[in-house]
Each structure stands twice: as C-alpha cells, then as structure tokens.
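What's counted below: heavy atoms across the whole structure, side chains too, no hydrogens, waters or symmetry copies. Each chain gets a letter, A, B and so on, in the order the sequences are listed, and its residues count up from 1.
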Amino acid sequence: MSRDPFRRGAGDDIKRALSKFADVLMPQEAEEPILAPNVRAAVFEWLTEVRAADDLKAVGIKPRRTALLYGPPGCGKTTLAHHFAARLGLPLACVRSESLVSAYLGSTGSNIGQLFDAMTETKGKVVVFFDEVDALGGRRMNDQGASVERANSLNVLLRRIERFDGIALAATNRQDFLDTALWRRFDMQISVDLPTEDERFAIIKRYAAPFDPPDEDVDLLVDLTSGASPALLRALMEGVKRTLIVGPKTGRKIDDPVEVFAAVVAACAPAPEYEPPPLWNLHGVPGAIPSLASMTWPMPRGGGK
Amino acid sequence: MTEGHNGGAAADMLIDFVESIEGLEVEKQAISDKIKLVKARARSAGFDIKVMNQMLRERKESASAREEFQALCEMYRAALGMLNGTPLGEVARKRLMGKKAPPPDAPEGGEPQPEADEFPAEDLEGARAAGRAAAREGKRIIDNPYLATDPRRAAWDEGWCAETGTDGMEVPAAWRRADKRKKKKPEGDEKPEGGDA
C-alpha cells in the first residue's frame, strides 16, 4: 500500500473531528459498485460536474452539491456514496442518525448543528452521507408534542444543508415518508433500485469467489433470485461458502447443492417488505430449491477476485 | 568543591560519572546487539535492510519535514536527469524551473500564478497518461495517486476511463457472462423503472 503520510494524517484528523456522529470510510476502502446504467450515468455526470467547478464558475453557476439516493434497503446506496467520494479522493463520513436523535428538548437540533460545524472545520475534505435520513427528516405531521421537536430538528437540518458548502448525500428507503421540503432540498434524487438480471449475475459471481461456478449455474441462481437485493444475494452466497467450510465440522453433509442451499435459505430471508424471490417463495414456486440439483457440485474454485 | 587525599570528593565524583557512562556504554552495546539481531531476523525473513533503515530514518521525521525532503529529492533527481520521461519527473522539472526563474511568457510584475497554472496542460497530460497506464496494469480506478485537491486527480481518472472505455463503474470482466445468455428471460424479471444497484 503506497499511501502518502499526509493523506493518512488527514484521514485521522477527520475521523477524530467527526467520531461523535459519524463513521469515516477512507477512499481506498471503497468496493466496486454494481449499478444500473442510468444510475452510473447520473453519478458519472455529477463527478464530471464537480470537477468542472472552475468552468461552471466562469458562467456564473456552481456544481450540484447534494443528492438523495432512494430505493429498497440493501441495494448498494452506501457503496455508491463511498465510490463517489473515493473517485474524488475524499473520505466518506457516514452519519449515524441515531447519534443525532436525542430525547431531550432541543438536543437533536443542537447535535445536527454540532455535526455541521465539525464538517465545516474539515474545509470540504470529506463527503457527508446521511444514511436513513428519514429518521431525521420524516414528514411533519402536526403541531403537538414530539412532532414539534421533530419539526424543529428538521428545520435545523434543512437550514444547515442549505448552507453547507461541501458535498452531501443522503439515503432513504422510506421516500414516501420523507418530508417534501427535505426532498426538494437535494439537488438530485437518484433511484437505486433492486438489481436486474445482469447485475444479479455480477453480484453472485462477486460473492461466490473464490469459487467460480459455471455461467449456467449462475444463470440458474439469477432466475431464482429475481427481486433479491444485493445484500440478500451476498448473504446467500456467503452463507453457502460458510456452510461448505463449517458444515463438515458440524456433521452437515455438503455433497448435495440442494441441501446446502436449503439450509442457507432457511437461515437468511428477504426483508418483509419485499416480494420474496422464487428461491425463498417456498409455497409459491415448487421445485425452486430442488432445481439446484443440476448445479456443478462441488462448486469449482477459480482464480477469485 | 572540597579537596581530599588524591583528589578526594572530586575524584569520587569523577569515578561515579565515568562508571555510569561505562555502564551505559555497555547497555548501549547490548541494545545495539539486539537491534542487529532484529535486523538479521528481518533480513532472513526476506526484508531489504537498506530500505528498512531508510524507513526508520523517515519515521523519525515529521510528516511535513518528510514531504519537504521528498519534494527536494524529486527536484534534484529531475535536475540530474534521473526522472526523464516520467510524469513525476516532468512535474518536478517544472517546479524546479519555476523556482529558478519565471518562464518567458509569465505575466509582468511577477504576480503569483493562479492555482490551476501550477499544473500546466503538459502535467495534466502526464497524469492522463499515468491513468491510462494504471488501467492497462489492472489497477483500480480508486487507486488514483493524486490528492483530492490536485487537478491531476481528475486527469488521471479521465485517462483511466479513456483507456478502458468506461465510466470507471463497469462490472469487472470476471463477474460478467463469458457469452450472451442463451436461455430465454423468465417472465416478470423486467428491469424496473428508475435504475438499480
């Protein structure tokens, strides 16, 4: 690893400054994102725009600074934000929303203020990411009790985002619950949805490594995982690898793919808000798991990546 | 200081000092022997002792002193023609030239150059070339060696993307199908609107 000492030092300073409210992910820790073409296009355009700040300034405009990523949970919103920050060479500060919310009157707003003050001190050397921003920016309902406190905190958040000079991203899987003023406050709203066929193929391949199942087997899994999130696909493939290693030690037979996958499927389930993919829809799709009997087994090992 | 027989108290004090120093010298030798042993172990583990000694020296310095020293080394190497043809050498050479005398087309009055002018087009082209080379070597796009504030970072990224013909977010070949899918797409697996991840 040839990281220069200056960069490492700067990262440590940022971690220290933001540790109360955020986890800081460094650029070199970013993973390759697996994104739909339209999301990639939006991200690439934004990157180019941020880099063309001087050219834009010459015509009197600034690059967009804020984006809201919305879509089902586990679809790679954090990975996307991390990749975006890494391309710019900046750390990503993932704000822990629960660390901002407080039961004491006025404290949530005060915490939000402290966070933005700390961020300002980093002088734009960090990209901020509010995961599950709906925890802070849920729709304002009425003017009573806790709702007033929530509304006040949201007002602070709106004001500080407006004045923030750095780059900020936020993510939510409850876009219908998000306050419309907060929604509008972002320069961009990017939908990060469930992966399609080609993306599922890549995700299964990625998390199967160092095993390298033949393409026909991966395609079989692609069909049976239609509607699965990247997080669920990861849990599935890591579960299979775990079973292959740990299974023999616990007396589990691992010479039959159907048994191995059945055990993994029983132990990891899609989030309740999803329509279950065929592999998990044990009542609706008879034979989904048995069809895995045609897989090449044991799974061949490849070079891995 | 009082005097006694044969030097008295002063002589005793001197003996104390000398013996203390001799004791410390023995300890120093013992520690030095231990360091030699550790280095011998490192050598037998395959490490280059010359490089390790350099790292030990550098770790004793502050980050800013180290950076300054390295920048000076770049300039010296460039002046001696030891970096010819590399983007780094080109940058160092230009910095060196900038220190000696302003270029002939510099603005009158020796006004400070705008920040972007620290990286003339040739430097950016050098960074682009380095990005292209990195892509050919299979480096990841996030392995960009330039800092966030350095205009060459974007140029390196551009070079990487140009070489691969992608936006830097392409799914790696190892995770793609070797051939187009032969099977018919099952029903209900159409691409949802608005994008995926």
Practice problem: State which residues pass salt bridge (Lys or Arg N to Asp or Glu O under 4.0 Å) with A/Glu132; sequence neighbours excluded, sorted by chain then number. | Solution: none

Practice problem: To the nearest 0.5 angstrom, please state how far the CG atom of A/Leu88 sits from the OG1 atom of B/Thr149. | Solution: 11.5 Å

Exercise. Go through the atoms of B/Asp157 and report whether side chain, backbone, both or neither lie under 4.5 Å from a heavy atom of chain A.
Key: side chain

Quiz item: Short question: side chain of B/Asn144, backbone of A/Gly89 - any donor-acceptor pair under 3.5 Å?
Solution: no

Practice problem: Give a yes or no on whether the backbone of B/Ala174 and the side-chain of A/Arg206 come within a donor-acceptor separation of less than 3.5 Å. | Solution: no

Quiz item: Rounded to the nearest 0.5 Å, how far apart are CG of B/Asp167 and CZ of A/Arg87?
Solution: 7.0 Å

Practice problem: Working to the nearest 0.5 Å, report the span between CD of B/Glu158 and OG1 of A/Thr48. | Solution: 8.0 Å

Practice problem: Please name the pair of heavy atoms, one in A/Pro27 and one in B/Ile142, separated by the smallest distance, quoted to 0.1 Å. | Solution: O-CD1, 3.5 Å

Side-chain polar contacts of residues 19-29 of chain B - donor-acceptor pairs under 3.5 angstrom, sequence neighbours left out - could you list them?
| residue | atom | partner | partner atom | Å |
| --- | --- | --- | --- | --- |
| B/Ser20 | OG | B/Asp16 | O | 2.9 |
| B/Gln29 | NE2 | B/Asp33 | OD1 | 3.0 |

Quiz prompt | chain B contacts, top residue of A/Ser229, A/Ala41, A/Ala30 (heavy-atom pairs, under 4.5 Å) | solution = A/Ala30

Quiz item: If every non-hydrogen atom of B/Ala178 is compared with every non-hydrogen atom of A/Asp215, which pair is closest and at what distance?
Solution: N-OD2, 2.7 Å

Quiz item: Is there side-chain contact between B/Trp175 and A/Ile34, with at least one heavy-atom pair below 4.5 Å?
Solution: yes

Practice problem: Output, in order, the C-alpha distance, side-chain angles, deciding distance and verdict of side chain to side chain contact (heavy atoms under 4.5 Å, CB included) for A/Asp198 and B/Arg177. | Solution: CA-CA 8 Å; A/Asp198 287 345; B/Arg177 287 185 186 86; 2.8 Å; yes

Exercise. Let me know if B/Glu170 has heavy atoms under 4.5 Å from chain A in its side chain, its backbone, both or neither.
Key: both

Quiz item: Can you tell which of A/His83, A/Lys205, A/Arg40, A/Arg51 has the highest number of heavy-atom pairs within less than 4.5 Å of chain B?
Solution: A/Arg40

Practice problem: Heavy atoms only: give me the nearest B/Arg153-A/Ala86 pair and the separation to one decimal. | Solution: NH2-O, 2.7 Å

